[in-house]
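Hydrogens, waters and symmetry mates are skipped; everything else that's a heavy atom, side chains included, is used.
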Amino acid sequence: MTVSAEQLLSETMTPGEAMCPHRLVMEHVTSRWGVLVLIRLLDRPHRFSELRRAIGDYGRNVSEKMLTQTLQTLERDGLVHRDAKPVIPPRVDYSLTDLGREAAEQVRGLAEWTARRMSAVQEAREGYDARKAGSEQG
């Protein structure tokens with residue numbers, strides 16, 4: 001019995017992936033922790049605890065569980081490589097794949113733009129809030 005590609009995909013994909021795989025990858029890359037993991041791994045490979053501390057440098061404390069889930073998701077998407085070395089104590093290094101480096105550079109560009117343009121965003125927010133408050137009073 002042969003299995004079609006559609007059948008194979010439908011058995012291995014979640015309903016969300018089957019409906020819109022592009023959106024799902026975008027969510028993984030731009031998620032709260034995904035962005036920080038990708039940007040941090042651009043510099044160099046990190047061990048799990050190193051990566052967790054490095055993300056903490058951004059003022060964000062990520063739980064072990066969330067970091068593990070994020071790394072697994074990015075690994076499944078082909079963006080992160082997990083290198084488990086058979087030593088005692090165990091050593092696991094995380095690095096970006098070529099695909100991951102591409103995505104991380106895009107995300108970093110967006111993060112840099114956000115940092116450069118934050119004052120314009122803040123001005124727009126304040127203007128919007130003032131207009132909104134004025135329309136609610138009148």
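Hydrophobic clustering (side-chain heavy atoms under 4.5 Å, transitive across Ile, Leu, Val, Met, Phe, Trp, Tyr) groups Met66 together with Val92.
Distance check: Glu112 CD to Glu105 CD gives 10.5 Å after rounding to the nearest 0.5 Å. Rounding to the nearest 0.5 Å gives a distance of 12.0 Å between CD of Gln69 and CH2 of Trp33. Note that the OG atom of Ser31 and the CG atom of Leu38 stand 8.0 Å from one another [nearest 0.5 Å]. Rounding to the nearest 0.5 Å places CZ of Arg91 at 14.5 Å from CZ of Phe48. We find the CD1-CD1 distance between Ile39 and Ile55 to be 10.0 Å, quoted to the nearest 0.5 Å. Note that CG of Asp93 is 10.0 Å distant from NE2 of His46, once rounded to the nearest 0.5 Å.
Here the side chains of Gln106 and Glu102 are not in contact, with every heavy-atom distance at 4.5 Å or above. The closest side-chain heavy-atom distance from Tyr94 to Val80 is below 4.5 Å. The shortest distance between side-chain heavy atoms of Arg40 and Asp57 falls below 4.5 Å. Side-chain contact between Arg82 and Leu71: absent, with no pair of heavy atoms (C-beta onward) separated by less than 4.5 Å.
The neighbour count for Asp83 CG, taken as heavy atoms of other residues, nucleotides or ligands under 6.0 Å away, is above 12. The local environment of NZ in Lys85 is crowded, with over 12 non-hydrogen atoms from other residues, nucleotides or ligands closer than 6.0 Å.
Between the side chain of Arg125 and the main chain of Val121, no donor-acceptor pair closer than 3.5 Å is present.
Across all non-hydrogen atoms, the minimal contact from Leu99 to Asp77 is CD2-O, 4.0 Å. Pairing each heavy atom of His28 with each of Leu74, the nearest pair is O-CD2, 3.9 Å. Looking at every heavy atom in both residues, Gly56 comes nearest to Asn61 through CA-OD1, 4.4 Å. Here the closest heavy-atom approach between residue Arg47 and residue Pro90 is recorded as NH2-O, 3.9 Å. Listed here is the closest heavy atom pair of Leu79 and Ala103: CD2-CB, 4.4 Å. Here the closest heavy-atom approach between residue Arg101 and residue Leu42 is recorded as NH1-CD2, 3.1 Å.
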